[in-house]
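Data block below; observations after.
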Amino acid sequence: MIEARRVSGALGAEITGVDLSRPLSQAAFAELKRLWLEHLVVFFRGQALTPAQFMAFAEQFGEPVEYPLVKGLDDFPKIIEVRKLEHERIAFGGIWHTDTAYLERPPMASMLVAREVPPFGGDTLFANMYLSFDSLSIALKTLLESLRAVNTSTKADASKTREDAIKVSGKQARDYVAEHPVVRTHPETGRKALYVNSGHTVRFAGWTEEESAPLLKYLYEVQTRPEFTCRFSWQPGSIALWDNRCAQHNAVNDYHGYRRVMHRITLAGDVPA
Ligand code: SIN
């Protein structure tokens, strides 16, 4: 029987009672989807899926797509390895962000399976973008709903977190830029969520970077208030599946000298509206 245990007041639930190495029944899939939409990120333990099983699980949820900046595995180009080795100092994704918001159609969801984890640390933080939007005053909500924001793949802090991954398996990629609404309506739940992030957003459309900076800084602070977040501690075989339309994440880089290896799949999304 599928059961969900919430991991924080804001978002995130650990799911038990399902074996992801086998195709899900229609009822099991429907229940997982319902729980995922409710909790924004769901976690599973002890699911050491092979790349083929991981891909098969992903395909039940959506359409896997290639990550634009890093090459995938030889046999599975839509699975990338998120890896930090003993001598490396940079953690891929070690900044608050929603995945590839610089694409015209950013991914609906992403999933990670842990292959090797450090003896401590290396957790991932998640934040609920519905709650941060809901917490704002009506006046600020009204202003934000009238704005769009410019997102790029070249913002320095986010680019830094990909340096090692790109050195090892970077793709010949161009710089990406996309403009999206600052507040998006989730196409499945109908709820409104903040859709700017410190990893990729550079300014509001029609505003200069200088004019945008104070308000963006305020929004980043609200988005990551502890009461809007959860934290997941990995074990080999743990899986996280998160909704990029209403959640952000941040890989905590606190395990220098140890190795952490994950496999990651992203699922195609729609144009934010
Ligand atoms: C990512 O941003 O996809 C990486 C997250 C992680 O490694 O925990």
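Count residues from 1 along the sequence. In each ligand, atom 1 is the first atom listed, and ligand 1 is the first ligand listed.
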### Query
Run the side-chain contact (heavy atoms from CB on, under 4.5 Å) check on V18 and E31 step by step: do they pass?
CA-CA 11 Å; V18 63; E31 179 61 358; over 6 Å; no
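- With sequence neighbours excluded, no residue forms a ring pair (Phe, Tyr, Trp, His ring centres under 6.0 Å) with F54.
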Ligand 1 polar-atom proximity to protein (N/O, under 3.5 Å):
from, atom 1, to, atom 2, distance (Å)
ligand 1, 2 (O), H97, NE2, 3.1
ligand 1, 2 (O), H249, NE2, 3.1
ligand 1, 3 (O), R264, NE, 2.7
ligand 1, 7 (O), R260, NH1, 2.9
ligand 1, 7 (O), R260, NH2, 3.4
ligand 1, 8 (O), T124, OG1, 2.5
ligand 1, 8 (O), R260, NH2, 2.8

Exercise answer: donor-acceptor pairs, residues 7-17 side-chain atoms, under 3.5 Å, sequence neighbours excluded:
from, atom 1, to, atom 2, distance (Å)
S8, OG, A10, N, 3.1
S8, OG, L11, N, 3.3
S8, OG, L11, O, 3.0
S8, OG, T229, O, 3.2
E14, OE1, R5, NH2, 3.4
E14, OE2, R45, NE, 3.4

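- Results of the side chain to side chain donor-acceptor pair (under 3.5 Å) test with H97 over H249, Q248, H200 single out H249 as the only residue that passes.
- With respect to E81 and R115, no salt bridge is recorded, no charged nitrogen being found less than 4.0 Å from a carboxylate O.
- Residue pairs that meet the ring pair (Phe, Tyr, Trp, His ring centres under 6.0 Å) test with at least one member in residues 11-31, sequence neighbours left out, are F29-F61.
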